[in-house]
**Student:** 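The structure's right below; bear with me while I get my questions together.
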Amino acid sequence: MESLPGFRDFEPSTCAQRNALFHGWRTVAQRFGFEEFDGPIAEPLELFTQKSGEEIVNQLFAFEDKGGRKMALRPEMTPSLVRIFGKNLATLKKPTKLFNITEQFRYERPQKGRLRSFYQFNADIVGEASLSAEAELIALAAESLRYFGLTEEHFYVRLSDRQLWQLWLKAFGITDEALVGGILSLLDKWERRPKEDIEKDLAKLLPSSVQAKTFFDATEQLRHCKTLEAIKACFSQQATDAELSEALRQRLSEFGKLLHELSALGCEKFVAVDLTIVRGLAYYTGFVFELFETGNQGRALAGGGRYDQLFEKLTRHPMPAVGFAAGDVTLTDLLNKYHLLPEYKRKIDVFCVFEETERDRALRCSQMLRRENFSVLYPFGETKMLSKQLKKAYVEQPRYILIFTQELSSRGKVHVKCLANETTREVGSEEVVEVFRRERD
RNA sequence: GUGGUUGUAGCUCAAUUGGUCAGAGCAUCGGAUUGUGGUUCCGAGGGUUGCCGGUUCGAGUCCGGUCUACCACCCCA
């Protein structure tokens, strides 16, 4: 029987790779002082529909329990985070820096870089309105990739700002919230669809005062801006009133500060201003970013941004927050591509082989060594010839082989073979543990 | 959810136009080797060719359906 579509089996070698990812993520998050938390793997369905709307249900593993409760496997961690920490926001330390490594589930068609069950590294800063939070999260995202040996040759951060986009639309007189959302979602698929289709959709959305063609060309120009100066120049081509100019000046100043802080954090090599990133869902309120392989092959390695209104929406209490998530599927693909995931090999310290009469003695010794934190194997079942046992022992490549024979026991000795230098020592039976303790140091 | 490609042993792959085609290597287990050394040699197990149906004297091979995987859409929290 096979696993369900989009679900994976983790045999020892792939499980070890997965755990290596988890270890790296956890290590780096702790370096930044983020605290690990976790929540239930399933939540009330309502938690997800409140945040994302009813349409989300057909993308969820949603079902009813035997008590008729509507529930769903978690497709992301942010709603749980808001639920858990929204309970006592008033007493929450600010800022609170949180991370977790969770299995998540989305009912979608599996394809490259996307499965139905996957793991994500989530990091969030709650209770910090300043851009220092964005800077630190982007730095954390970059460091979590650097940890595995990836450099600016392999990946980069595309940094954008939904507030700039709102200002841009405002310059065209577009302020209606639903309309802004519609155009932002159009921006999200801008380069994946033919120009004519985009213009057609724009013509339907835009107020009659704005020509689709004009808007498209100007927006196309803004999308390609690589610097803040270019963005400023782009805006200045539009007729903007004093209020808008001042708002733009302030926002560009914030953007500049963020870039500056990222430089101080040693991330200038990784970060590119890139307004083509807007991110699909509407709850992002400010800076947004996505990490990609250089050349933009494949899906995003990580993505996130500021969501200052989500707490209020779900708990009625306002609370600024920024977060990102990085998935294991795209990262594993990338690391495999550059051979940055080591081959897994079980590490055994000691393999015991013994003559039939010495079995109990060998097992006693094995257990003493295990209690001293050494990994120890010995053959199971019917005792075979020493030569056969040794064959098995060598396959495991232990650091040492312990040999127990009747003849050695009669003299109170065992043999300790060191595979590294092919030497054999004769050691007193009672000293074995002490000898290994010394070896360890 | 829509379209395209695909499927042979645990893994990687063979099998002429439909006709001894169900095979090899790796891996696993056993023996050679009745007591201190891996690499050698020999052998064994393991597949209703994804599943269901159809065409045919005969299907791994052709046709239809279905499922999986992959790719492109939709979506991407």
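Just so we're on the same page: letters track the sequence lines, and every chain starts at 1.
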**Student:** The side chain of A:Lys112 is closest to which nucleotide in this list: B:U36, B:C76, B:C70?
**Tutor:** B:C70

**Student:** Taking atom C1' in both B:G4 and B:C74, compute the distance separating them and give it to the nearest angstrom.
**Tutor:**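 Each nucleotide's C1' atom is 16 Å from the other's.
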
**Student:** Is the phosphate of B:G30, meaning OP1 or OP2, less than 4.0 Å from a side-chain N or O of A:Lys392?
**Tutor:**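 Affirmative; the distance criterion is met.
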
**Student:** Taking the nucleotide of RNA chain B with the closest heavy atom to each, which residue, A:Tyr107 or A:Glu422, is nearer the 5' end?
**Tutor:** A:Tyr107

**Student:** Salt-bridged, A:Arg83 to A:Glu43, with N to O below 4.0 Å?
**Tutor:**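 So A:Arg83 pairs with A:Glu43 through a salt bridge.
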
**Student:** Given B:G3, B:G38, B:A77, which nucleotide is nearest the side-chain atoms of A:Arg109?
**Tutor:**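 Nearest listed nucleotide: B:G3.
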
**Student:** Select base, sugar-phosphate, or nothing to describe what A:Ile403 touches, counting heavy atoms under 4.0 Å on all strands.
**Tutor:**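 Base contact - A:Ile403 has a heavy atom under 4.0 Å of at least one base atom.
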
**Student:** Hey, which of A:Lys97, A:Lys93, A:Arg26 is the one that makes salt bridge (Lys or Arg N to Asp or Glu O under 4.0 Å) with A:Glu35?
**Tutor:** A:Lys93

**Student:** Counting side-chain heavy atoms from CB outward, which of B:G35, B:C74, B:U34 is closest to A:Met385?
**Tutor:**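 When the side chain of A:Met385 is considered, B:U34 is the closest of B:G35, B:C74, B:U34.
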
**Student:** Taking only the P atom of each, what is the distance from B:C51 to B:U34 in whole angstrom?
**Tutor:**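 So the two P atoms sit 44 Å from each other.
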
**Student:** With respect to the side chain of A:Glu76, which nucleotide from B:U36, B:C71, B:A77 is positioned closest?
**Tutor:**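 Nearest to the side chain of A:Glu76 among the choices is B:A77.
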
**Student:** Among B:C76, B:A77, B:G30, find the nucleotide with the atom closest to the side chain of A:Tyr283.
**Tutor:**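 In terms of side-chain proximity for A:Tyr283, the closest of B:C76, B:A77, B:G30 is B:A77.
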
**Student:** Expressed in whole Å, how much space separates the P atoms belonging to B:U33 and B:C70?
**Tutor:** 50 Å

**Student:** Spell out yes or no: do the side chain of A:Arg114 and the base of B:C75 have one donor N/O and one acceptor N/O closer than 3.5 Å?
**Tutor:** yes

**Student:** Would you say A:Arg106 places a side-chain N or O within less than 4.0 Å of OP1 or OP2 belonging to B:C76?
**Tutor:** no

**Student:** Look at all strands and tell whether A:Phe118 reaches a base, only sugar-phosphate, or nothing, counting heavy atoms closer than 4.0 Å.
**Tutor:** nothing

**Student:** Can a salt bridge be assigned to the pair A:Arg364 and A:Asp360 using a cut-off of 4.0 Å between side-chain N and carboxylate O?
**Tutor:**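 Salt bridge flag = no for A:Asp360 with A:Arg364.
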
**Student:** Does A:Lys200 pair with A:Glu196 as a salt bridge, N-O distance under 4.0 Å?
**Tutor:**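 No, no charged N to carboxylate O under 4.0 Å.
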
**Student:** Return the value, rounded to whole Å, for the distance between atom CD1 of A:Ile401 and atom C1' of B:G35.
**Tutor:**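 It works out to 15 Å between those atoms.
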
**Student:** For atom C1', what is the distance between B:U66 and B:G45, given to the nearest Å?
**Tutor:**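 Roughly 33 Å separates the two C1' atoms.
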
**Student:** Counting the atoms with a prime plus P, OP1 and OP2 as sugar-phosphate, which does A:Gly305 contact under 4.0 Å by heavy atoms, base, sugar-phosphate, or nothing?
**Tutor:** nothing

**Student:** If you look at every strand shown and take non-hydrogen atoms under 4.0 Å, does A:Pro75 touch a base, only sugar-phosphate, or nothing?
**Tutor:** base

**Student:** Do A:Asp161 and A:Phe287 come within less than 4.5 Å of each other through their side chains, counting heavy atoms only?
**Tutor:** yes

**Student:** Across the strands shown, which category fits A:Leu419 at heavy-atom distances under 4.0 angstrom: base, sugar-phosphate, nothing?
**Tutor:** nothing

**Student:** Have a look at A:Gln397 and say if it touches a base, only the backbone sugar-phosphate, or nothing, with a 4.0 Å heavy-atom cut-off.
**Tutor:**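 Base contact - A:Gln397 has a heavy atom under 4.0 Å of at least one base atom.
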
**Student:** Have a look at A:Cys352 and tell me which of A:Leu377, A:Leu402, A:Leu363 forms a side chain to side chain contact (heavy atoms under 4.5 Å, CB included) with it.
**Tutor:**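 For A:Cys352, the side chain to side chain contact (heavy atoms under 4.5 Å, CB included) check succeeds only for A:Leu402.
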
**Student:** Base, sugar-phosphate, or nothing for A:Thr424, non-hydrogen atoms under 4.0 angstrom?
**Tutor:**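 Base, at least one base atom sits under 4.0 Å.
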
**Student:** Rounding to an integer number of Å, can you tell me how far A:Arg192 CZ sits from B:C75 P?
**Tutor:** 7 Å

**Student:** Counting only non-hydrogen atoms, which of residues 289-301 of chain A are less than 4.0 Å from RNA chain B?
**Tutor:**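 Within this stretch, A:Arg299 sit under 4.0 Å of the strand.
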
**Student:** Would you say A:Lys189 reaches B:C74's phosphate, i.e. side-chain N/O to OP1/OP2 under 4.0 Å?
**Tutor:**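 So the side-chain polar atoms of A:Lys189 never come under 4.0 Å of the phosphate oxygens OP1 or OP2 of B:C74.
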
**Student:** Using a 4.0 Å heavy-atom cut-off, does A:Leu310 contact any base of the nucleic acid, only the sugar-phosphate backbone, or nothing at all?
**Tutor:** nothing

**Student:** With the side chain of A:Arg193 defined as its heavy atoms from C-beta on, choose the nearest nucleotide among B:C74, B:G31, B:C75.
**Tutor:** B:C74

**Student:** Expressed in angstrom and rounded to an integer, what is the separation of A:Glu426 atom CD from B:U36 atom C1'?
**Tutor:**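 The answer, rounded to whole Å, is 12 Å.
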
**Student:** Under 3.5 Å, is there any donor-acceptor pair linking the side chain of A:Glu356 to the base of B:G35?
**Tutor:** no

**Student:** Which heavy-atom pair separates A:Arg146 from A:Phe155 by the least distance, and what is that distance?
**Tutor:** N-CE2, 4.5 Å

**Student:** Report, one pair per line, the protein and nucleotides 44-51 of chain B atoms (nitrogen or oxygen only) whose separation is under 3.5 Å.
**Tutor:**
none

**Student:** Roughly how many Å apart are B:A77 and B:A9, using the P atom of each and rounding to a whole number?
**Tutor:** 38 Å

**Student:** For A:Glu407 and B:G35, give me the distance from atom CD to atom C1', rounded to whole Å.
**Tutor:**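 A:Glu407 atom CD is separated from B:G35 atom C1' by 12 Å.
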
**Student:** Can you tell me which stems RNA chain B forms, taking runs of 3 or more consecutive Watson-Crick or G-U pairs with both distances under 3.5 Å?
**Tutor:**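 RNA chain B stems, ordered by first number: B:1-5 with B:69-73, B:10-13 with B:23-26, B:28-32 with B:40-44, B:50-54 with B:62-66.
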
**Student:** Please say whether more than 12 non-hydrogen atoms of neighbouring residues, nucleotides or ligands are located less than 6.0 Å from CG in A:Asp65.
**Tutor:** yes

**Student:** Using a 4.5 Å cut-off on heavy atoms from C-beta on, say whether the side chain of A:Lys94 contacts that of A:Leu89.
**Tutor:** no

**Student:** Centroid separation under 6.0 Å, is that true for the rings of A:Phe311 and A:His317?
**Tutor:**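 So the answer is no for these two rings.
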
**Student:** Among B:G38, B:A77, B:U36, which nucleotide sits nearest the side chain of A:Leu386?
**Tutor:** B:U36

**Student:** Provide, to the nearest angstrom, the distance between the NZ atom belonging to A:Lys384 and the P atom belonging to B:C29.
**Tutor:** 9 Å

**Student:** I want to verify a distance call: between B:A77, B:C71, B:U36, whose nearest atom is closest to the A:Gln111 side chain?
**Tutor:**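 That would be B:C71.
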
**Student:** Is there side-chain contact between A:Trp168 and A:Leu222, with at least one heavy-atom pair below 4.5 Å?
**Tutor:**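 SC-SC contact between A:Trp168 and A:Leu222 confirmed.
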
**Student:** Which of these nucleotides, B:A77, B:G37, B:U68, is closest to any side-chain atom of A:Glu2?
**Tutor:**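 Closest nucleotide to the A:Glu2 side chain: B:U68.
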
**Student:** Closest to the A:Lys51 side chain: B:A77, B:G35, B:G38?
**Tutor:** B:A77

